[in-house]
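Values reported hereafter were calculated over all heavy atoms of this structure, with side chains retained and with hydrogens, waters and symmetry mates removed. Letters go in sequence order (proteins before strands), and every chain restarts at 1.
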Protein chains: 2
Amino acid sequence: MYSGIVKYSYLIINKMKFFEKLETVKKCPVSYVLAVQDTLNAFHGKWKMPIIGTLLFGKKRFKEIEREVKKITPRMLSQELKDLEVNGIVTRTVYNTTPVTVEYELTPSGQELHLVMEAMIHWGLQHRQTNIMESLPALNMGRQSA
Amino acid sequence: MYSGIVKYSYLIINKMKFFEKLETVKKCPVSYVLAVQDTLNAFHGKWKMPIIGTLLFGKKRFKEIEREVKKITPRMLSQELKDLEVNGIVTRTVYNTTPVTVEYELTPSGQELHLVMEAMIHWGLQHRQTNIMESLPALNMGRQSA
DNA sequence: AATACCACTATACAAAAGTATACTGATATA
DNA sequence: TATATCAGTATACTTTTGTATAGTGGTATT
């Protein structure tokens with residue numbers, strides 16, 4: 001159902017599990033907490049994830065992002081892009097054309113976020129399989145009381 | 001400076017990078033989007049991450065969590081634990097003692113979140129090294145203008 | 001001359017998230 | 001008898017986050 005790449009990723013992640021288990025997190029030095037906070041910050045709010053998501057496909061102009069990220073207002077887009085810029089996740093390049101062209105692109109660091117997203121995808125898919133379907137009986141076999 | 005386990009994790013993650021790059025995310029089927037949303041949901045808000053964090057060390061009672069997660073109010077803790085429970089991330093067990101004892105524990109699925117946290121730690125540490133220090137000149141060498 | 005495009009900004013407002021403070025009832029300890 | 005502990009709940013409030021709507025200046029198209 002999912003690509004071989006995902007299967008491979010699953011194996012890798014299982015290997016990580018085997019070697020690390022909770023040990024890494026349990027040591028939990030302060031720098032780890034800061035690191036997690038930074039990452040959470042990168043995705044913070046309703047719009048950063050979809051914005052980063054489209055930019056993973058390549059650099060884009062303001063209006064292009066606005067069109068691709070459904071329902072976002074220019075105010076929010078502007079605000080979030082500024083935020084991502086000061087946090088070193090996207091770069092903003094102004095071209096001296098008429099009318100001006102402004103391009104947003106993920107920094108190398110920003111592109112690395114796809115690893116976090118993949119860990120999220122992995123967890124989310126697994127979690128849905130083992131939990132959500134079971135806890136919502138109405139979704140199983142189309143049976144429903146009353 | 002960091003444990004060998006982390007170094008190993010770094011190698012694994014680099015391997016993943018080599019094999020997957022952005023391909024997985026670029027395919028981006030609907031189920032992936034849902035998966036990411038579920039994961040973001042698991043961490044949503046100010047308190048879920050620290051709560052899950054302490055529970056990674058083992059099951060705890062309400063008051064224990066309240067003491068360990070600094071500054072949280074019982075209202076917030078109660079609310080977030082309920083949320084985590086209905087989402088299949090923690091279980092709640094009531095013991096018939098006097099006064100009652102209630103224990104919260106991560107489900108297997110909840111424990112798997114440590115993989116996501118480790119991906120976040122990895123990104124955050126790397127991002128700090130390559131970005132934040134450079135973009136805040138005041139932090140470099142103690143030099144400061146004015 | 002009127003309208004559309006670009007990359008935004010301004011203002012006002014609504015909704016969501018989080019905080020402060022006090023309280024519950026049963027038991028145990030000082 | 002007074003106070004503390006357990007696991008929370010109730011009420012009112014503030015702060016943060018997001019929305020709605022309109023407007024900017026300069027150019028290009030109709």
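What you find for A42(B) and W123(A) is that their closest heavy atoms are CB-CH2, 4.1 Å. Here the closest heavy-atom approach between residue G88(A) and residue H127(B) is recorded as O-CE1, 3.7 Å. Minimum interatomic distance between L40(B) and M49(A) (heavy atoms only, all atoms of both residues): CD2-CE, 3.5 Å.
Rounded to whole Å, the distance from NZ on K63(A) to P on dA4(C) is 13 Å. As rounded to whole Å, 17 Å separates atom C1' of dA16(C) from atom CH2 of W47(B). Here dC6(C) presents its P atom at 18 Å from CG of N96(A), a figure rounded to the nearest Å. Separating the CD atom of E66(A) from the C1' atom of dT19(D) is a distance of 14 Å, rounded to the nearest angstrom. Spacing between atom CG of L81(A) and atom C1' of dC6(C) amounts to 15 Å, rounded to whole angstrom units. If you measure from atom CG of D83(A) to atom C1' of dT17(D), you get 12 Å, rounded to the nearest angstrom. Rounded to whole angstrom, the span from the CD atom of E64(A) across to the C1' atom of dC8(C) amounts to 16 Å. To the nearest angstrom, P of dG8(D) lies 12 Å from CD1 of I51(B).
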Notebook entry, point to check: Checking side chain to side chain contact (heavy atoms under 4.5 Å, CB included) for the pair I51(A)/Y104(A): CA distance, chi angles, key distance, verdict?
Noted result: CA-CA 10 Å; I51(A) 291 168; Y104(A) 294 91; over 6 Å; no
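Nearest-nucleotide positions on DNA chain D place F62(B) closer to the 5' end than the other of Q79(A) and F62(B). Nearer the 5' end of DNA chain D, as judged by each residue's closest nucleotide, is the contact made by R92(B), out of R92(B) and E80(A). Both V102(A) and I72(B) sit near DNA chain C, but only V102(A) has its closest nucleotide nearer the 5' end.
With dG8(D), dA7(C), dC6(C) as the candidates, the nucleotide lying closest to the side chain of P74(B) is dG8(D). The S78(A) side chain lies nearest to dT9(C) when the options are dA7(C), dG8(D), dT9(C). In the set dT19(D), dG18(C), dT27(D), dT19(D) carries the atom at the smallest distance from any side-chain atom of M76(A). Residue K82(B) has its side chain nearest to dT9(D) when only dC8(C), dT9(D), dT17(D) are considered. For R75(B), whose side chain is taken as the heavy atoms from C-beta onward, the closest listed nucleotide among dA7(D), dT11(D), dG18(D) is dT11(D). Side chain of P99(A), nearest nucleotide from dC6(D), dA10(D), dC6(C): dC6(C).
An OP1 or OP2 oxygen of dC6(D) is reached within less than 4.0 angstrom by a side-chain nitrogen or oxygen of R67(B). Distances shorter than 4.0 Å separate some side-chain N or O of H44(A) from OP1 or OP2 on dT17(D). Contact check, T98(B) against dA28(C): a side-chain N or O comes under 4.0 Å of OP1 or OP2.
Residue Y104(A) is classed as a sugar-phosphate contact, given heavy-atom separations below 4.0 Å to backbone atoms only. Across all strands, T101(A) comes closer than 4.0 Å only to sugar-phosphate atoms, never to a base (heavy-atom distances). Here K46(B) lies in heavy-atom contact (under 4.0 Å) with sugar-phosphate atoms only.
The residues R67(A) and E64(A) are annotated as not salt-bridged, no charged nitrogen and carboxylate oxygen being separated by less than 4.0 angstrom. Salt bridge annotation for K82(B)-E85(B): absent, with no cationic side-chain nitrogen under 4.0 angstrom from a carboxylate oxygen.
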